[in-house]
Amino acid sequence: MRAVLEEKKVVLDVRELTRSFGQIRALDNVSFSVQQGRSLVIIGGSGSGKTLLLKAILGVVDVDSGQILVDGQDMTGRARDNEDFLDRFGMLFQQSALFDSMPVWRNIAFKILKGHGADEVAIKEKAIEALGRVGLRVEVADLYPSELSGGMQKRVGLARAFAGRPEFLFLDEPTAGLDPIMSNSISELIVDMKQDKNVTCMIVSSDLASVRKISDDVLMLHEGRVVWSGPTKELDTTDNPYVQQFINKSAVGPIAVMTE
Ligand SMILES: Nc1ncnc2c1ncn2[C@@H]1O[C@H](COP(=O)(O)OP(=O)(O)OP(=O)(O)O)[C@@H](O)[C@H]1O
């Protein structure tokens, strides 16, 4: 007997996305879809196209061909500079991309402050609350990004991504550079965002403990191609050699280890 599956709306539908740089096919016919409130984690070796995939969907980089549908609307080549569209996303990229000229609280509240008539005192309170959620003390609110460690900057970037009630979270290595305790607590925050706020997540991660915690589904890239995708629980049972090499952290397998 077939189980009755809960029908969820597909909110992100990526079809045959391709992008080359010279001779390199950085994204090669990539297709997948994500249902509302679910979390897809992208894994893969260095240079496999993970970050590029996030950036292509957000319009930060152009694609050569393929289609990106968000809520059924074709956003291919239309996301960049579309503020209303981008406001629906909470994003974190690898360098955290904080504004050096603004104190931490303004960095976090940036999106909320854009709304006119914003009450600065109340918004600063919200930013401080957001800092608490990522394990940072109230005093950090008035510091500038250059005064923070890399791990602290990462957490401020996450607080910013979570602020402003995003419908989508696009996070690139959210736990990289964090200690295991902080990494676990960030993973729990992501799960809360997904469960309580029904946020749809697309996350690049090489942190296996975090992948297992935060993902419903996993998609693995190698040289720009999807070499495996499936539910997270199948990571340990698949005989796919790319996945096996990745989860066993093995130097031997189809993913070449660069030595220089
Ligand atoms: N702007 C660009 N110009 C030229 N090549 C690029 C550009 N952006 C990405 N690439 C190439 O596309 C490929 C995929 O890059 P991407 O940053 O997506 O890798 P990644 O899987 O995120 O790797 P890592 O885990 O090391 O961050 C790489 O070969 C990279 O050199």
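First listed ligand is number 1; within each ligand, the first listed atom is number 1. Basis for what follows: all heavy atoms, side chains included, without hydrogens, waters or symmetry-related copies.
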message: Within the 3.5 Å criterion, strictly below it, is a donor on T175 or D207 matched to an acceptor on the partner's side chain?
response: yes
*Going by atom types alone, do T238 and N240 pair a side-chain donor with an acceptor below 3.5 Å?*
no
### Query
Do we see a donor-acceptor contact under 3.5 Å between the side chains of S206 and E173?
yes
Do you see a donor-acceptor pair shorter than 3.5 Å between the side chains of Q244 and D239?
no
Which N/O atoms of ligand 1 sit under 3.5 Å from a protein N/O, and at what distances?
{"from": "ligand 1", "atom 1": "18 (O)", "to": "K50", "atom 2": "N", "distance (Å)": "3.4"}
{"from": "ligand 1", "atom 1": "18 (O)", "to": "T51", "atom 2": "N", "distance (Å)": "3.3"}
{"from": "ligand 1", "atom 1": "18 (O)", "to": "L52", "atom 2": "N", "distance (Å)": "2.9"}
{"from": "ligand 1", "atom 1": "21 (O)", "to": "S48", "atom 2": "N", "distance (Å)": "3.0"}
{"from": "ligand 1", "atom 1": "21 (O)", "to": "S48", "atom 2": "OG", "distance (Å)": "3.4"}
{"from": "ligand 1", "atom 1": "21 (O)", "to": "G49", "atom 2": "N", "distance (Å)": "3.0"}
{"from": "ligand 1", "atom 1": "21 (O)", "to": "K50", "atom 2": "N", "distance (Å)": "3.0"}
{"from": "ligand 1", "atom 1": "21 (O)", "to": "K50", "atom 2": "NZ", "distance (Å)": "2.8"}
{"from": "ligand 1", "atom 1": "22 (O)", "to": "T51", "atom 2": "N", "distance (Å)": "3.0"}
{"from": "ligand 1", "atom 1": "22 (O)", "to": "T51", "atom 2": "OG1", "distance (Å)": "2.8"}
{"from": "ligand 1", "atom 1": "23 (O)", "to": "G47", "atom 2": "N", "distance (Å)": "2.8"}
{"from": "ligand 1", "atom 1": "25 (O)", "to": "K50", "atom 2": "NZ", "distance (Å)": "2.8"}
{"from": "ligand 1", "atom 1": "26 (O)", "to": "S46", "atom 2": "OG", "distance (Å)": "2.7"}

When K194, K233, K8 are each screened for salt bridge (charged side-chain N to carboxylate O under 4.0 Å, His left out) with D216, the one that passes is K194
Grouping ILVMFWY residues whenever side-chain heavy atoms fall under 4.5 Å, the cluster of V138 otherwise contains I128
